[in-house]
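Worksheet: one structure, shown below.
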Amino acid sequence: MNAIMFIVIALIISFIVIYRRNVGNNVYKFITKNIGLIYDKFAPYSFKIIREKVKELGQDYTPRQYAIQITVFAIFGFIISYMYFYSIVISVIYALIAISVIPYITYLRCKRIYSEFIFEQIQVYTTNTIMEFAVTQSFVKSLEGVVQSGVLEDPVKSDVELMINMAYENGTIDQALEYMNEKYDYYIVKNMHQLFLQITNEGSKDSGEALENMSLDVDMLVENVYRDRMDRAQFHKKFLQFGVILYLLVMMVQFMLGVSSYIKLLDNWMVQVLLHLIIIINSFFLLNGEKYYNQNVGGE
């Protein structure tokens with residue numbers, strides 16, 4: 001009981017200190033601002049770029065949405081752990097642990113959104129380059145046409161511009177293709193580049209059929225990727241439901257034994273360890289599912 005009172009008093013004091021030091025300001029904004037500063041200091045540079053692009057796309061959560069997410073995670077962690085241990089102290093600890101998982105989930109979500117954006121840009125790049133090549137019969141001129149059309153966005157646009165510069169500097173497209181193949185590991189990109197390299201080096205009287213087949217390959221890939229995206233979304237919903245049910249299996253045990261008998265079992269440290277393991281394993285199971293759902297889109 002003393003430990004509980006200490007935690008509650010400490011939280012109240014912390015709130016008062018923060019509020020008094022920020023008179024006239026929104027306390028929540030103060031907290032999120034400082035969390036943002038910590039994030040900017042310690043987050044990997046590559047993820048900072050991804051996060052900025054997600055914000056630019058307008059798909060980042062608002063402060064209100066993040067606040068709701070934090071509240072939901074905290075309440076869920078508290079309630080689930082309380083059903084297992086009937087201890088407010090342990091429940092508070094699990095609530096804090098649940099909140100600490102949010103940055104990782106945000107990382108996965110941002111990577112998924114970014115990979116979806118990159119894939120859509122690669123689709124635009126390949127489709128429009130093929131269309132331009134059918135007219136110009138020059139790979140570099142095709143790239144210039146795609147850039148000038150304004151259909152590409154950074155970072156793909158900047159990389160295509162770099163390809164053009166590399167082609168003019170070297171007098172060949174080999175290095176430019178190798179650079180793009182390495183940076184965007186999609187088989188359709190490599191296949192298209194191989195076709196253009198063959199046409200450029202060996203020549204072709206009629207490349208129309210090969211270009212048409214390549215366009216069909218792009219369409220097939222896009223169809224497969226979007227079907228996979230829908231399948232993942234359905235899997236994700238069912239997976240989360242299944243994970244929550246696994247957490248609630250302890251209620252079945254309590255129903256079979258009776259709540260009073262179950263609480264007596266909690267005096268045994270081995271039972272408590274087992275219950276902790278159940279929560280940890282199930283949480284790990286859910287995080288792995290989140291990782292699968294947010295894996296790269298259209299990648300090899």
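All figures in this text were calculated on a predicted structure; none of them were measured in a lab.
Going from atom OH of Y262 over to atom CG of L266 covers 5.0 Å, rounded to the nearest 0.5 Å. We find the CG-NE2 distance between D174 and H193 to be 12.0 Å, quoted to the nearest 0.5 Å. Note that CG of N181 is 8.5 Å distant from CD of Q194, once rounded to the nearest 0.5 Å. Between atom CD1 of residue I188 and atom CD1 of residue I130 there is a gap of 6.5 Å, rounded to the nearest 0.5 Å. Remark: R232 CZ to Q234 CD distance equals 13.5 Å, nearest 0.5 Å. Here the CG-CD1 distance, from L249 to I278, works out to 8.5 Å after rounding to the nearest 0.5 Å.
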(request) Report the C-alpha separation of D159 and Y179 in whole Å, then their side-chain angles, then the decisive distance to 0.1 Å, and conclude whether the side chain to side chain contact (heavy atoms under 4.5 Å, CB included) test is met. (result) CA-CA 9 Å; D159 288 324; Y179 166 80; 2.5 Å; yes

(message) F196 vs V140, test: side chain to side chain contact (heavy atoms under 4.5 Å, CB included). Steps then yes/no.
(response) CA-CA 10 Å; F196 286 139; V140 179; over 6 Å; no

(request) Run the numbers on K237 and Q241 for side chain to side chain contact (heavy atoms under 4.5 Å, CB included), then give the verdict. (result) CA-CA 6 Å; K237 183 178 180 180; Q241 292 173 347; 3.9 Å; yes

(message) Walk me through whether K55 and R51 qualify under side chain to side chain contact (heavy atoms under 4.5 Å, CB included).
(response) CA-CA 6 Å; K55 290 181 180 179; R51 186 72 176 274; 4.1 Å; yes

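No continuous path of ILVMFWY side-chain contacts below 4.5 Å connects V250 to I281, so the two sit in separate hydrophobic clusters. Under a hydrophobic-cluster definition in which Ile, Leu, Val, Met, Phe, Trp and Tyr are linked whenever side-chain heavy atoms come within less than 4.5 Å, directly or via other members, L96 and I80 are assigned to the same cluster. The hydrophobic clustering, which links ILVMFWY residues whose side-chain heavy atoms are closer than 4.5 Å, places M252 and L246 together. No single ILVMFWY cluster, assembled from side-chain heavy atoms under 4.5 Å apart, contains both I93 and I280. When hydrophobic clusters are built by joining Ile, Leu, Val, Met, Phe, Trp and Tyr residues whose side-chain heavy atoms come closer than 4.5 Å, directly or via intermediates, M131 is not grouped with V189.
No salt bridge links D231 with R227; every basic N to acidic carboxylate O contact stays at or beyond 4.0 Å.
No donor-acceptor pair closer than 3.5 Å links the side chain of E161 to the backbone N or O of V147. The backbone N or O of M270 lies less than 3.5 Å from a partner atom in the side chain of N268, making a donor-acceptor pair. Between the side chain of K53 and the backbone N or O of D154 there is at least one donor-acceptor pair closer than 3.5 Å. Using a distance-only test at 3.5 Å, with no hydrogens or angles considered, a donor-acceptor pair links the side chain of Q65 to the main chain of T62. With hydrogens and angles ignored, the 3.5 Å screen pairs a side-chain donor or acceptor of N224 with a backbone N or O of M220.
Under 3.5 Å, the side chains of D217 and Y187 contain no donor-acceptor pair of N or O atoms.
The number of heavy-atom neighbours closer than 6.0 Å to OH of Y107, taken from other residues, nucleotides and ligands shown, is 12 or below.
The side chain to side chain contact (heavy atoms under 4.5 Å, CB included) test with T126 singles out one residue from I122, T129, V124, and that residue is I122.
Looking at heavy atoms from C-beta onward, Y94 lies in side-chain contact with F85 at the 4.5 angstrom threshold. A 4.5 Å side-chain heavy-atom check between L240 and E290 finds at least one atom pair inside the cut-off. Side-chain contact check for R109 versus I113: some heavy-atom pair is nearer than 4.5 Å. By the 4.5 Å heavy-atom criterion applied to side chains, V271 and L275 are counted as neighbours. Within the 4.5 Å cutoff, the side chain of M163 has heavy atoms near those of the F139 side chain. In this structure, L248 and M83 have side chains that are in contact, with non-hydrogen atoms separated by less than 4.5 Å. Contact annotation: the side chain of M180 approaches that of V160 to within less than 4.5 Å [non-hydrogen atoms, C-beta and beyond]. Residues P155 and F117 form a side-chain contact, since some pair of their non-hydrogen atoms from C-beta on lies under 4.5 Å apart.
Taking both residues in full, the closest heavy atoms of V146 and V151 are given as O-CG2, 3.9 Å, listed atom of the first, atom of the second, then distance.
F119 does not carry R229 over the face of its six-membered ring by the limits of under 6.0 Å from the centre and within 45° of the normal.
Residues F76 and Y247 bring their aromatic ring centres within 6.0 Å. Ring pair F235/Y292: centre-to-centre distance below 6.0 Å.
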